[in-house]
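Within every chain, numbering begins at 1; the chains are lettered A, B, ... in the order of the sequence lines, protein sequences first and strands thereafter. From a predicted model like this one, the values you see are computed outputs, not experimental measurements.
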2 protein chains.
Amino acid sequence: MRAFWAQGYGGTSVADLVAATGINRGSLYSGFTDKRTLFLTALRHYDRVQREEFLARLARENPPREAILAAFAAAARSPDDTPPGCLLVNTALEVSPHDAEVRAVVNEALAGVEGFFADRLEALETGTGTRATVQALLGLFLGLRVLTRAGAPQSTREAVSAQVAEMLG
Amino acid sequence: MRAFWAQGYGGTSVADLVAATGINRGSLYSGFTDKRTLFLTALRHYDRVQREEFLARLARENPPREAILAAFAAAARSPDDTPPGCLLVNTALEVSPHDAEVRAVVNEALAGVEGFFADRLEALETGTGTRATVQALLGLFLGLRVLTRAGAPQSTREAVSAQVAEMLG
DNA sequence: ACTGATTTGGAACGAACGGTCAAACGCAAG
DNA sequence: CTTGCGTTTGACCGTTCGTTCCAAATCAGT
């Protein structure tokens, strides 16, 4: 998963996967049919662990407003033990246009993020305009992941987070 | 350029480039040193035509607020005669992490977009908070391009545009 | 029309790709 | 210890990659 995360689908060779997993070529192909299937498995694993479970934990351990801010703070950061950016966003741009099954996984994940924001906002009960605010949060979130992956200066990324704090009142 | 735009750097073979340009292999390599140099040239060309000149035209032909809205409307659209999404954003995710020279071009372009928003907002004179608003616009803009490339439903993309209109008051 | 310089076209290169396969291995049952 | 079986292994396959190179074609100057 890390390999795909760091180098993309096309940029990761089967040799890279053998090196990264320690599993041998033949075993890789007997366990997963081919590279594409392995990628789909990795993508679904990432979606579950890095998106679904991560957001669920944020929602459980924080009040609504802070949960949203924590999600943005995490997206702005670029930890040393993890490749920069988000595998789902990278995949949305690289593979989604050419592969319907991948596109379905990615769009479902994006809908999940959207739902996370919608649920938190609903709990805030800020009145009307919530639907538009959800879209804005999703857009800002994806944009932030692009900036992080592109290596934009930390100040730019923090400014996006700050703008979210302001938007939430 | 179209080929790189549609399929990315790694996904475009030299054979694709020969087919797309009508220029022969040898001539391609004598004119540009190698695939990477050709890509950098194409990227700079895209930056000039699709980013710099396009935004300048919007700024010239529209009042500030409408220029910003027009930029978002264009980013939300996915014309038939052009690949979906934005080559600069695609490149930011695929190549920027691995190539410093490409990263420089991309970041300069992103700064240019940021400047476009900043100049229009300044002309609007909406008072304080402008700096944060610029970051928000940039984030929303990049997010919109991700959504467009990923094939997200039109309604989602239009909602982002609508949220920008609301943000601008 | 002839010649020398330049551009063009496509065959050919080694390297790396995704994918396959038969031999070697580990291990439980007799 | 021998046998049979499921797994592991890395050598190997055809293809495609980026790149090179040379012969044929084109053109300019006389």
Side-chain angles (χ1 to χ4, degrees), chain A residues 1-47 83 85 87-106 149, chain B residues 1-47 83 85 87-106 149:
Chain A
M1 188 184 74
R2 295 297 187 93
F4 284 129
W5 191 352
Q7 317 172 42
Y9 174 71
T12 303
S13 70
V14 177
D16 291 336
L17 295 168
V18 170
T21 60
I23 303 174
N24 216 285
R25 231 183 167 74
S27 310
L28 227 51
Y29 274 89
S30 83
F32 316 87
T33 354
D34 56 9
K35 188 190 169 187
R36 181 177 165 277
T37 304
L38 174 52
F39 176 71
L40 270 167
T41 307
L43 186 65
R44 293 204 176 94
H45 177 72
Y46 178 96
D47 180 40
L87 176 60
L88 284 161
V89 176
N90 304 347
T91 302
L93 299 203
E94 183 194 352
V95 192
S96 268
H98 314 299
D99 189 316
E101 199 170 354
V102 167
R103 183 166 55 245
V105 174
V106 169
R149 174 97 177 165
Chain B
M1 187 184 74
R2 296 297 188 93
F4 284 130
W5 191 351
Q7 316 172 42
Y9 175 70
T12 303
S13 70
V14 176
D16 292 335
L17 295 168
V18 170
T21 60
I23 302 174
N24 216 286
R25 240 184 162 75
S27 312
L28 227 51
Y29 273 90
S30 84
F32 317 86
T33 343
D34 56 9
K35 186 188 171 189
R36 182 179 165 276
T37 304
L38 174 53
F39 176 71
L40 270 166
T41 306
L43 186 65
R44 293 203 176 96
H45 177 72
Y46 178 96
D47 180 39
L87 175 59
L88 284 161
V89 176
N90 303 348
T91 302
L93 299 202
E94 182 194 355
V95 191
S96 268
H98 315 300
D99 188 317
E101 200 171 352
V102 167
R103 184 167 55 245
V105 174
V106 169
R149 174 98 176 166

Handout entry: Distance below 4.0 Å between B:N24 side-chain N/O and C:dG10 OP1 or OP2
Key =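 Result: yes.
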So which heavy atom on [X] is nearest to which on [Y], and how close?
{"X": "A:R149", "Y": "B:H98", "result": "NH2-NE2, 4.3 Å"}
{"X": "A:V106", "Y": "A:A92", "result": "CG1-CB, 3.7 Å"}
{"X": "A:W5", "Y": "A:G85", "result": "NE1-O, 3.1 Å"}

Handout entry: Student check: side-chain heavy atoms of B:E94 and A:L93 closer than 4.5 Å
Key =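 No. Closest side-chain heavy atoms not under 4.5 Å.
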Write down the distance between [atom1] ([X]) and [atom2] ([N]), rounded to a whole number of angstrom.
{"X": "A:D16", "N": "C:dA16", "atom1": "CG", "atom2": "P", "value": "12 Å"}
{"X": "A:Y9", "N": "C:dC17", "atom1": "OH", "atom2": "P", "value": "13 Å"}
{"X": "A:L38", "N": "C:dC17", "atom1": "CG", "atom2": "P", "value": "15 Å"}
{"X": "A:D34", "N": "C:dG19", "atom1": "CG", "atom2": "C1'", "value": "9 Å"}
{"X": "B:I23", "N": "C:dG10", "atom1": "CD1", "atom2": "P", "value": "15 Å"}

Exercise for the section: Between A:R25 and A:S30, just flag the one whose closest nucleotide in DNA chain D comes earlier from the 5' side. Expected result: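 Nearest nucleotide further toward 5': that of A:S30.
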Practice task
With DNA chain C as reference, determine whether B:G26 or A:T12 sits nearer its 5' end, using the nearest nucleotide of each.
Solution key: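 Result: B:G26.
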Practice task
Measure from NZ or CZ of A:K35 to the centre of the six-membered ring of A:Y9, then state whether that distance is under 6.0 Å and the direction lies within 45° of the axis.
Solution key: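 Flagged: A:K35 positioned over aromatic ring of A:Y9.
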Exercise for the section: Could you tell me from which nucleotide to which nucleotide of DNA chain D, 5' to 3', there is an atom under 4.0 Å from chain A heavy atoms? Expected result: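 Using the under 4.0 Å cut-off, the span is D:dT8 to D:dA11.
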Exercise for the section: Describe the nucleic acid contact of A:S27 in one word from base, sugar-phosphate, nothing, applying a heavy-atom distance below 4.0 Å. Expected result: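 Contact class for A:S27: base.
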Problem - Distance in Å, B:L43 CG paired with B:F4 CZ, rounded so as to fall on 0.5 Å steps - result: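 The CG atom of B:L43 sits 9.5 Å away from the CZ atom of B:F4.
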